[in-house]
Amino acid sequence: MSHASNFIRNIVEEDNRINRWGGRVETRFPPEPNGYLHIGHAKSICLNFGLAHDYKGICHLRFDDTNPEKETQEYVDSILDSVKWLGFDWGEHLHYSSDYFDKLYEFSEYLINQGKAYVDSLTIEEIREQRGTLTKVGHNSPYRERSVTENLDLFRRMKLGEFADGRHVLRAKISMASPNINLRDPVIYRIRRNHHHRTGDKWCIYPMYDYTHCISDALENITHSICTLEFEDHRPLYDWILTQLKTLVSCHPQQIEFARLKLTYTVMSKRILLELVENKLVAGWDDPRMPTLVGLRRRGYTPESIRMFAERIGVSKADSWIDMGVLEDCLRENLNVRAQRRIAVLRPLKLIIDNYPDSLEEECFAPNHPQKPEWGRRILPLSKTIYIEREDFMEEPVKGYYRLAPGAEVRLRYAYIVKCVNVVKNSSGKIKEIHCTYDPDTKSGTSGAKIRKVKGNIHWLSSKYAQKGEIRLYDRLFSHPHPESRDYTAHLNPHSKKTISAFIESSLKKAQPEEYFQFERNGYFVIDRKDTKPGRPVFNRAVTLKDSWGKRK
RNA sequence: UGGGGAGUCGCCAAGUGGUAAGGCACUGGGUUUUGAUCCCAGCAUUCGUAGGUUCGAUCCCUACCUCCCCAGCCA
């Protein structure tokens with residue numbers, strides 16, 4: 001696949017040209033295991049792994065696990081699984097920031113010795129007050145000038161667990177007057193007695209992100225440390241720390257920031273995603289309406305479609321909104337070429353062919369893919385009574401409608417042309433069944449089929465052979481393009497999930513989890529990987545087909 | 001209003017002193033037993049605004065406007 005150029009690729013190519021890294025390209029995807037990966041992470045994964053792949057480099061998967069309060073093994077496992085599912089391989093390069101806790105500790109003693117870090121004993125509130133504001137400089141802590149000996153003693157005792165949580169912190173000694181708040185003596189270690197999913201209870205002090213991330217990158221010999229825009233003004237701190245440590249770690253990666261993905265009609269915030277799950281507004285992290293990778297997977301998204309999406313939206317520093325339609329379209333594009341075609345009647349309406357012999361049954365042949373004859377065809381049995389889609393009949397057709405209507409003719413796909421001769425209603429006026437006559441000379445595949453052309457072409461299933469199947473019709477979770485900017489619960493789409501019992505081809509009963517199909521004229525569906533039981537498939541609608549008629553209405 | 005960023009077609013996004021790529025969407029037309037797919041064509045005299053430099057500016061300079069991020073012992 002060829003790639004559009006973007007500013008990060010330009011940087012990499014320039015670096016290679018001037019031999020900045022000896023031709024190495026080493027990136028990393030650094031998730032915090034405190035939630036499930038979502039489509040926004042997919043953009044970053046594709047970027048980092050894609051870059052490494054294209055420039056014959058390496059991409060690490062590194063868990064940024066420095067806050068045990070929120071991180072769990074469950075999240076680690078799901079992240080591993082999702083990255084793999086997306087199609088990327090980290091090989092030997094699976095790392096955890098917690099792997100570096102010893103080094104990180106050692107480096108901070110070094111900083112103390114260099115007079116570049118000190119133990120502060122202010123309370124959290126006091127630190128906040130002394131930090132100043134966006135427009136006012138901060139003030140030095142009274143503990144800022146403690147001696148190296150005292151700092152070392154205190155810091156070692158912090159590590160040994162002699163102090164209560166929050167009693168002291170280790171701070172980098174930079175400048176309380178910096179216009180960049182991140183440089184106003186940032187906290188780099190805090191005391192926190194939490195069980196860590198990997199290091200257990202070994203530590204009661206944990207390093208902060210800014211301190212940990214740059215060092216982890218350096219220790220792993222990362223060349224290009226790619227992150228999102230909000231870390232732009234953390235870059236001076238990233239560089240400051242590595243500069244102080246240059247005699248201990250020689251690698252100094254370049255941090256590059258890009259705009260995170262924003263998608264309409266959904267939310268990307270971890271907080272809201274968590275709330276949706278915890279408040280049972282969705283069925284779980286893998287609810288097919290969730291923008292999580294596990295959710296998209298259940299919905300029917302393929303890894304290819306997501307990678308195509310990442311490629312299509314590009315990478316830049318301009319924060320922008322991508323329309324959900326772009327994602328949906330990538331899925332259509334991928335499923336169109338890979339999904340076998342089948343028939344399902346979602347909202348059945350009984351149709352009786354009056355002049356079709358009671359005992360007659362005929363085989364009709366339907367190709368498994370209209371553009372791939374090599375995929376073969378299957379038999380669709382036709383009988384006197386069939387089901388068609390309620391939508392394919394209108395008693396009083398509107399202008400431009402060319403499906404069935406009283407007196408109108410339409411082709412039963414892969415079978416005959418029929419003409420509607422009667423409409424039968426029940427006592428309450430609802431249409432119960434419709435009656436047609438067929439033209440025996442028009443069977444698909446015979447020479448007679450070419451004689452008469454009709455514009456309408458509708459799908460159907462023999463009432464005798466059609467099977468019942470559970471189909472879940474999913475739609476966008478939110479009805480507002482920007483649900484996050486307001487009370488998102490007020491904009492949940494009440495029609496985002498509808499479970500129906502539909503008629504399906506009998507062969508579909510044997511379909512396996514994660515098999516994809518196009519139900520002709522209805523959309524793309526996947527067999528649910530969770531709720532499907534042998535012989536009892538559950539279908540999830542991944543996305544509808546494009547519908548220029550529906551759009552016109 | 002301190003600091004850091006961004007503004008190129010409806011939505012993304014290349015280009016960066018030589019006269020605006022591409023994708024998606026959209027609009028026509030063709031093919032088609034999916035109102036699908038596919039194909040073909042059209043779609044920014046203009047690059048946030050105003051000045052300036054230049055033979056020539058989206059690109060350089062100046063000023064301005066708009067939007068985003070930052071005051072966690074979160075990442």
Side-chain angles (χ1 to χ4, degrees), chain A residues 4-7 10 30-32 34-35 64-67 69-71 97 120 122-124 127-129 131-138 165-171 178-184 186-192 205-206 208-210 212-213 227-236 257 259 264 270 311-323 325-326 329-330 332-333 336-337 341 343 366-367 369-371 400-403 411-415 417 444-445 449-450 453-459 518-524 544-552:
Chain A
S5 83
N6 63 51
F7 77 101
N10 291 346
E32 183 191 9
N34 69 343
D64 226 328
D65 55 352
T66 56
N67 183 7
E69 195 178 355
K70 295 179 178 166
E71 299 154 3
S97 293
D120 196 357
L122 252 25
T123 64
I124 193 166
I127 288 183
R128 188 180 308 129
E129 283 162 19
R131 185 151 34 221
T133 67
L134 295 181
T135 49
K136 285 200 285 271
V137 299
D165 286 15
R167 182 71 187 76
H168 304 285
V169 289
L170 185 68
R171 290 232 249 172
S178 172
N180 181 342
I181 289 177
N182 295 301
L183 261 21
R184 314 238 262 235
V187 171
I188 58 179
Y189 261 98
R190 75 283 212 188
I191 304 172
R192 181 167 289 187
I205 56 171
Y206 290 97
M208 300 283 289
Y209 164 84
D210 284 307
T212 309
H213 202 85
C227 62
T228 43
L229 252 27
E230 68 270 28
F231 291 104
E232 220 151 12
D233 45 21
H234 289 235
R235 188 174 356 115
E257 311 85 12
T264 60
K270 277 190 181 181
E311 188 63 37
R312 192 166 285 183
I313 61 176
V315 177
S316 76
K317 296 191 70 155
D319 53 334
S320 51
W321 287 93
I322 305 292
D323 196 275
V326 177
D329 216 63
C330 288
R332 288 191 187 98
E333 195 169 322
N336 175 48
V337 299
R341 311 289 125 122
I343 303 293
H369 189 112
Q371 278 84 244
Y401 187 80
Y402 53 76
R403 277 113 93 152
R411 173 171 289 283
L412 294 179
R413 203 159 165 68
Y414 310 125
I417 290 175
S444 293
K450 310 248 183 328
K453 289 276 181 196
V454 286
K455 197 154 194 199
N457 197 311
I458 65 174
H459 60 277
Q518 183 199 95
F519 287 160
E520 295 194 33
R521 305 209 305 133
N522 268 318
Y524 293 99
T544 59
L545 251 32
K546 267 193 213 161
D547 179 12
S548 55
W549 166 247
K551 205 157 50 182
R552 186 143 72 101

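Lettering of chains follows the sequences in order, A, B, ..., and the numbering in each one begins at 1.
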Touch class at under 4.0 angstrom, heavy-atom based, for A:G445 against every strand present: base
Touch class at under 4.0 angstrom, heavy-atom based, for A:T228 against every strand present: nothing
Polar pair under 3.5 Å, donor/acceptor by atom type, side chain A:R235, base B:G4: no
Touch class at under 4.0 angstrom, heavy-atom based, for A:V169 against every strand present: base
Protein N or O to nucleotides 39-42 of chain B N or O, pairs below 3.5 Å:
none

Rounded distance (nearest 0.5 Å) linking atom CG of A:N67 with atom CZ of A:R190: 5.0 Å
Carboxylate-amine/guanidinium contact A:E32 A:K70, below 4.0 Å: no
Sugar-phosphate only, base, or nothing, as touched by A:L134 at under 4.0 Å among non-hydrogen atoms: base
Sugar-phosphate only, base, or nothing, as touched by A:E232 at under 4.0 Å among non-hydrogen atoms: sugar-phosphate
Short side-chain N/O contact to B:A75 OP1/OP2 from A:T66, under 4.0 Å: yes
A:Y209 ring over B:A75 six-membered base ring, under 5.5 Å and 30°: no
Touch class at under 4.0 angstrom, heavy-atom based, for A:G456 against every strand present: nothing
Intra- and interstrand pairs of RNA chain B - dot-bracket, Watson-Crick/G-U under 3.5 Å, | marks other strand: .((((((..(((.....[...))).(((((.......))))).....(((((..]....))))))))))).....
Touch class at under 4.0 angstrom, heavy-atom based, for A:Q518 against every strand present: base
Side-chain donor/acceptor contact of A:R332 with base of B:U37 under 3.5 Å: no
Working for side-chain contact (heavy atoms from CB on, under 4.5 Å), residues A:I191 and A:Y206: CA-CA 6 Å; A:I191 304 172; A:Y206 290 97; over 6 Å; no
Whether A:H234 and A:Y209 hold their rings parallel, tilted or perpendicular, with breakpoints at 30° and 60°: perpendicular
Base B:G3 to side chain A:D233, donor-acceptor N/O within 3.5 Å cut-off: yes
Sugar-phosphate, base or nothing in reach of A:S5, heavy atoms under 4.0 Å: sugar-phosphate
